[in-house]
> 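One structure, pasted below without further comment.
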Amino acid sequence: MDTYDLITRNAAEVVTEDEVEAMAEDPEGKRAYVGYEPSGVLHIGHMLTANKLIDLQEAGFEVTVLLADVHAYLNDKGSFEEIRETAEKMQEQFIAYGLDEERTEFVYGSAYQMDEDYELDLHALQVETTLNRAQRAMAEIRSGETAKVSHVVYPLMQALDIEYLDVDLAIGGMDQRKVHMLARENLPELGYDSPTSLHTPILADLTEGVGKMSSSTGVTVSMENSREEIEERVNSAYCPPTRDPDPDDEGNERENPVLEVFRYHVFPRFEAVVVERPDEYGGGLEYEDYEALADDLESGELHPADAKSALAEYLDRLIAPGREKLRD
RNA sequence: CCGCCCUUAGCUCAGACUGGUAGAGCAGUCGACUGUAGAUCGACUUGCCCCCCGUUCAAAUCGGGGAGGGCGGACCA
């Protein structure tokens, strides 16, 4: 696979392709970053962007993981002390998950976000940004909660982080694209470069195939799940034998979450996928790429139940090292 | 500071006027059917009715006090 394809594989969107192509010419030493609000436990959503970081490291990038403690504080996630503790646990899990320790720098937001330069630039950005724009870019607020001033400051700091961490490429889920667009438009007003960004898809909820997989509904897969829990959750996932399911009763588009997890989590991390299947149904199968597996599910050659047991197996392998860390 | 509105199941809310065993929808759980899930049937669970005091035989409901949240308070007339 050539470098550009490696950098952009499984991305939902790249802004812009030309800028990324230029980076792919000479990727060695280029810098990329993702910011995470420390939550203590790595879940499948974190793992999706982490996969992209692993791709980038393989391409030669240096990676910065921002442990966004100040952002978590702005989002009312607890005291600084509590947030810091969970951040430390998270850092270990990222390494256990497979990030290259040599090429990963973990930075706490509080290490530079209180500096005078940063604060002054933040105020400058506040002057440049309309309330409406900041509101559209802000992180989703919990239901029942109303927007606070902290919520609109939040995306402005994300934009500024890109400059202060000196990154060439900002990574995030599609839910972060408005932040990155705001950064592209407003950072130049402060005399900084307009940043390049790459967005990963947001995977559908496992049980519904609609909306996004969220920790709030409890149906997610994380580093604290046992093998049995993973099997249980994967087994209860929505999985019609097609890659393009019909909309639900309310007309919402549905995805096949089992295929999505194969595509975005399993195949990027394994050479091949072996599906163990009882002899009565035709015996074992092996797939070297996602398309082959999806084709077989579509044609009926691969039954969803067999796909699920394989998925649980590979997810468990991905999670096992982090789970060990968490146990200590 | 002043005024108005809201607070009941995980969520959205009815119930209050007229006091009498706390409800619906959705979600969730469990079965049936499918070699998965969903859909479809069938069954089931869920509560500090925001807090305190009072009235009453009896308070989610009436009265008083308090807390939390939301909205409003330019000019003109």
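A, B, ... follow the sequence lines: proteins, then strands. Residue 1 opens every chain.
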> Which whole-number value in Å describes the distance from A:Tyr281 OH to B:G35 P?
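After rounding, the gap between these two atoms is 8 Å.
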> Would the distance check show the side chain of A:Arg103 and the main-chain N or O of A:Glu62 forming a donor-acceptor pair, the cut-off being under 3.5 Å?
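Looks like no, no N/O pair under 3.5 Å.
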> Write down the distance separating the P atoms in B:G25 and B:G20, rounded off to the nearest Å.
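B:G25 and B:G20 have their P atoms separated by 22 Å.
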> In whole angstrom, give me the gap between the C1' atoms of B:C71 and B:C17.
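Pairwise C1' distance, B:C71 against B:C17, rounds to 25 Å.
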> Mind checking the C1' distance from B:A59 to B:C41? Whole angstroms is fine.
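Between the two C1' atoms, the distance is 42 Å.
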> Does B:U61 have a Watson-Crick or wobble partner in any strand here, with both distances under 3.5 angstrom, and which is it?
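Pairing partner: none.
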> Check the distance between B:U36's P and A:Arg254's CZ and give it to me in whole angstrom.
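Interatomic distance, CZ of A:Arg254 to P of B:U36: 17 Å.
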> A:Pro241 near the nucleic acid: base, sugar-phosphate alone, or nothing, with a heavy-atom cut-off under 4.0 Å?
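Contact class for A:Pro241: base.
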> Of the listed nucleotides (B:U36, B:G35, B:G38), which one gets closest to any side-chain atom of A:Tyr238?
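Nearest nucleotide to the side chain: B:G38.
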> Rounded to whole Å, please give me the gap between CG in A:Asp306 and C1' in B:A37.
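That distance rounds to 14 Å.
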> Is B:C41 paired to anything, Watson-Crick or G-U wobble with both distances less than 3.5 Å, and if yes, which nucleotide?
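Check on B:C41: paired to B:G31, both distances under 3.5 Å.
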> Can you check the A:Asn235 CG to B:U29 C1' distance for me, whole Å?
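The distance from CG of A:Asn235 to C1' of B:U29 comes to 16 Å, rounded to the nearest Å.
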> What's the gap between B:U29 and B:G72 when it is taken at their C1' atoms, as a whole Å value?
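These two C1' atoms come out 45 Å apart once rounded.
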> For atom P, what is the distance between B:U12 and B:G19, given to the nearest Å?
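Each nucleotide's P atom is 30 Å from the other's.
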> Counting only N and O atoms by type, is there a donor-acceptor contact under 3.5 Å from the side chain of A:Lys52 to the main-chain atoms of A:Arg9?
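Yes; judged by distance alone, with no hydrogens or angles, the pair exists.
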> If you measure from the C1' atom in B:A22 to the same atom in B:A14, how many Å do you get, rounded?
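Taking atom C1' in both B:A22 and B:A14, they lie 11 Å apart.
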> How many Å lie between CZ on A:Arg233 and P on B:U36, as a whole number?
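Result: 22 Å.
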> Can you check whether any acceptor in the base of B:G38 is under 3.5 Å from a donor in the side chain of A:Asp248, or vice versa?
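By the distance-only test, no, there is no pair.
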> Using modelled atom types and a 3.5 Å cut-off, is there a donor and acceptor pairing between side-chain atoms of A:Arg263 and backbone atoms of A:Ala294?
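No: the side chain of A:Arg263 does not pair with the backbone of A:Ala294.
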> What orientation do A:Phe267 and A:Phe262 show, parallel under 30°, tilted 30 to 60°, or perpendicular over 60°?
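The arrangement is tilted - the two ring planes meet at 30° to 60°.
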> May I ask which nucleotide in the shown strands pairs with B:G19, Watson-Crick or G-U wobble, both distances under 3.5 Å?
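The answer is none; no pair meets the criterion.
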> Mind calculating the distance between CD (A:Glu280) and C1' (B:G35) to the nearest angstrom?
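These atoms are roughly 8 Å apart.
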> Scan every strand shown for a Watson-Crick or G-U wobble partner of B:C71, both distances under 3.5 Å, and answer none if you come up empty.
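Paired with B:C71, as far as the under-3.5 Å criterion goes, is B:G3.
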> Taking atom P in both B:G66 and B:C2, compute the distance separating them and give it to the nearest angstrom.
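The same atom, P, in both gives a distance of 11 Å.
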> Name the closest nucleotide to the A:Lys308 side chain, picking from B:G35, B:G38, B:U36.
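Taking heavy atoms from C-beta onward, the closest nucleotide is B:U36.
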> Please report the distance, rounded to the nearest Å, between CG in A:Leu302 and P in B:A37.
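Computing the A:Leu302:CG to B:A37:P distance gives 16 Å.
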> Applying side chain to side chain contact (heavy atoms under 4.5 Å, CB included) to A:Arg243 and A:Glu291, what does each step give before you reach the verdict?
CA-CA 10 Å; A:Arg243 44 179 23 126; A:Glu291 292 300 332; 2.6 Å; yes
> With a 3.5 Å limit on both atom pairs, tell me what B:U56 is paired to, counting Watson-Crick and G-U wobble, or say none.
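Paired with B:U56, as far as the under-3.5 Å criterion goes, is no nucleotide at all.
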> With both distances under 3.5 Å as the test, what is the Watson-Crick or G-U wobble partner of B:A14?
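Pair assignment: B:A14 / none.
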> How far, in whole Å, is B:U45 from B:C4 if one measures between their C1' atoms?
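Going atom to atom, C1' in each nucleotide, I get 39 Å.
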> Rounded off to whole Å, could you give me the NE2-to-C1' distance for the A:His303 and B:G38 pair?
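So the two atoms are 13 Å apart, to the nearest Å.
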> Any cation-pi pair here, A:Arg269 with A:Tyr314, using under 6.0 Å and within 45°?
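Ring-cation test returns no.
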> Could you identify the nucleotide paired to B:C50, looking across every strand shown and requiring Watson-Crick or G-U wobble geometry with both distances under 3.5 Å?
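Base-paired to B:G66.
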> Walk me through whether A:Gln126 and A:Val153 qualify under side chain to side chain contact (heavy atoms under 4.5 Å, CB included).
CA-CA 8 Å; A:Gln126 288 163 357; A:Val153 172; 4.2 Å; yes
